Amino acid sequence: STLTLFRISDESWADIEAAHKSKPSATINEEPSDEEVGEESKRSLQENARERVKDKVVGLDDQEMEELLAGLLRAMGFNATVSPVGPDRGVDVIASPDGLGLQEPRIKAEVKHRKNTSIGSQDVRSFISVLRQGDRGIYLSTGGFTREARYEAERSNIPLTLLDLDGLARLIETHYDNFDTEARTLLPLIKVLW
């Protein structure tokens with residue numbers, strides 16, 4: 001019935017046949033090796049685990065997020081404390097090698113725990129204004145950052161790291177073995193050996 005509606009010209013049909021003949025014949029795919037299956041399973045397991053870690057982090061409240069970041073910084077070798085509840089002038093966590101803030105680098109961190117809200121350039125500029133010479137900044141936002149905010153961080157005279165949920169999950173994965181009891185209580189994880 002379709003031939004009654006249109007007809008392919010002989011020249012067009014010859015082009016189709018030539019194109020079809022020039023294609024290499026399909027090869028039968030071999031079954032993947034056990035090693036390839038193992039690697040794929042490993043990647044899948046790692047991605048699944050990272051997503052679960054992110055889900056646990058999202059479930060924390062604002063104060064717990066500050067404590068988690070302080071625990072992460074302690075796991076990385078710094079002495080870190082959380083600012084007392086109340087006005088903190090834009091600094092939620094303070095860390096330094098000596099714990100007193102006398103040795104550099106002094107790390108000042110701002111934590112915004114709003115999963116579906118990206119931080120904009122104005123928030124980043126406000127945080128940069130509290131940083132002084134010798135400071136390093138970390139701005140943690142579980143909602144991520146706008147392009148303009150990233151631009152503000154890049155052009156800052158004081159080193160500033162913008163840390164989103166994915167970056168936080170990777171750092172937790174890397175440094176979890178060094179977490180102290182407080183941080184492990186906030187985020188209890190089990191190591192899986194492969």
Side-chain angles (χ1 to χ4, degrees), residues 24-83 92-97 99 105 107-120 123-124 127 136-154 159-194:
S25 60
T27 58
I28 299 173
N29 291 335
E30 295 179 13
E31 293 227 0
S33 68
D34 289 342
E35 190 174 300
E36 291 170 336
V37 170
E39 280 299 313
E40 182 61 33
S41 296
K42 180 181 173 185
R43 276 193 296 279
S44 175
L45 183 64
Q46 286 173 325
E47 285 302 315
N48 190 358
R50 189 169 290 132
E51 289 303 315
R52 288 178 181 241
V53 167
K54 290 181 347 188
D55 289 344
K56 290 289 267 183
V57 168
V58 167
L60 299 175
D61 65 26
D62 294 349
Q63 184 67 30
E64 290 171 329
M65 280 298 296
E66 293 171 9
E67 293 290 342
L68 179 65
L69 181 59
L72 175 62
L73 290 169
R74 286 191 296 270
M76 296 172 80
F78 294 95
N79 292 306
T81 57
V82 175
S83 299
D92 296 319
V93 179
I94 300 172
S96 68
I107 298 173
K108 294 180 179 177
E110 174 71 3
V111 178
K112 295 295 182 196
H113 187 39
R114 303 176 189 140
K115 175 139 175 48
N116 298 320
T117 305
S118 296
I119 296 299
D123 293 316
V124 172
F127 179 61
R136 306 292 185 267
I138 297 174
Y139 204 123
L140 170 61
S141 169
T142 53
F145 299 90
T146 64
R147 184 178 334 143
E148 294 80 13
R150 291 188 185 282
Y151 176 73
E152 283 297 325
E154 287 174 10
L160 174 61
T161 297
L162 301 182
L163 192 58
D164 60 10
L165 188 56
D166 289 324
L168 179 62
R170 280 191 298 277
L171 286 171
I172 289 169
E173 184 180 320
T174 303
H175 298 283
Y176 192 76
D177 289 341
N178 299 326
F179 269 36
D180 56 21
T181 307
E182 291 176 42
R184 285 179 186 250
T185 302
L186 288 171
L187 196 64
L189 302 176
I190 297 170
K191 188 176 211 171
V192 176
L193 301 176
W194 187 266

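Only heavy atoms go into these numbers, but all of them, side chains included; no hydrogens, no water, no symmetry mates. Just so it is clear, the model here is predicted, and its values are computed rather than measured.
Between A80 and A95 the shortest heavy-atom distance is CB-CB, 3.8 Å. Scanning all heavy atoms of the two residues, the minimum distance from G71 to A183 falls at CA-CB, 3.9 Å.
Using a 4.5 Å cut-off on side-chain heavy atoms (C-beta onward), V111 and T142 make no contact. Residues D123 and K112 form no side-chain contact, since every pair of their non-hydrogen atoms from C-beta on lies 4.5 Å or further apart. The shortest side-chain heavy-atom distance between E173 and L189 does not fall under the 4.5 Å cut-off. Within the 4.5 Å cutoff, no side-chain heavy atoms of N178 are placed close to those of M76. Contact annotation: the side chain of I138 approaches that of I107 to within less than 4.5 Å [non-hydrogen atoms, C-beta and beyond]. Looking at V82 and D92, their side chains never come closer than 4.5 Å, going by heavy atoms from C-beta outward. The shortest side-chain heavy-atom distance between P105 and P97 falls under the 4.5 Å cut-off.
Looking at S44, its side chain never comes within 3.5 Å of a backbone N or O of E40 through a donor-acceptor pair. A distance-only check finds no donor-acceptor pair linking the side chain of S141 to the backbone of D164 [under 3.5 Å]. In this structure, the side chain of Y151 does not engage the main chain of T146 through any donor-acceptor pair within 3.5 Å. In this structure a side-chain-to-backbone donor-acceptor pair under 3.5 Å is present from H113 to L60.
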**side-chain contact (heavy atoms from CB on, under 4.5 Å) between L162 and R150, intermediate numbers included** = CA-CA 7 Å; L162 301 182; R150 291 188 185 282; 3.9 Å; yes
**Asked** Do D61 and E64 pass the side-chain contact (heavy atoms from CB on, under 4.5 Å) test, and can you show the C-alpha distance, the side-chain angles, and the key distance before you say yes or no?
**Response** CA-CA 5 Å; D61 65 26; E64 290 171 329; 3.2 Å; yes
**Request:** Please assess V57 against I172 for the test side-chain contact (heavy atoms from CB on, under 4.5 Å), listing each intermediate value before the final yes or no.
**Result:** CA-CA 10 Å; V57 168; I172 289 169; 4.0 Å; yes
**Request:** Report the C-alpha separation of L186 and E182 in whole Å, then their side-chain angles, then the decisive distance to 0.1 Å, and conclude whether the side-chain contact (heavy atoms from CB on, under 4.5 Å) test is met.
**Result:** CA-CA 7 Å; L186 288 171; E182 291 176 42; over 6 Å; no
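In this structure, the ring-ring contact (aromatic ring centres under 6.0 Å, His included) partners of F145, at least two apart in sequence or on a different chain, are Y139. Residues satisfying the side chain to side chain donor-acceptor pair (under 3.5 Å) criterion with R74, sequence neighbours excluded, are D180.
To the nearest 0.5 Å, atoms CD (E152) and CZ (F127) are separated by 13.5 Å. Going from atom CD of E67 over to atom OG1 of T185 covers 11.0 Å, rounded to the nearest 0.5 Å. The line from CG of L171 to CG of L69 is 9.5 Å long, rounded to the nearest 0.5 Å. One finds the CG atom of L72 at 12.0 Å from the OH atom of Y176 (value rounded to the nearest 0.5 Å). Rounded to the nearest 0.5 angstrom, E51 CD and L165 CG are separated by 8.5 Å. Here the straight-line distance linking atom CD of Q46 with atom OG of S41 works out to 11.0 Å at 0.5 Å rounding.
In R43, the CZ atom is crowded: over 12 heavy atoms of neighbouring residues, nucleotides or ligands sit closer than 6.0 Å. For R184, the CZ atom is densely surrounded, since the number of other residues' heavy atoms within 6.0 Å is greater than 12. Other residues, nucleotides and ligands place more than 12 heavy atoms under 6.0 Å from the NZ atom of K54.
The residues D166 and R50 are annotated as not salt-bridged, no charged nitrogen and carboxylate oxygen being separated by less than 4.0 angstrom.
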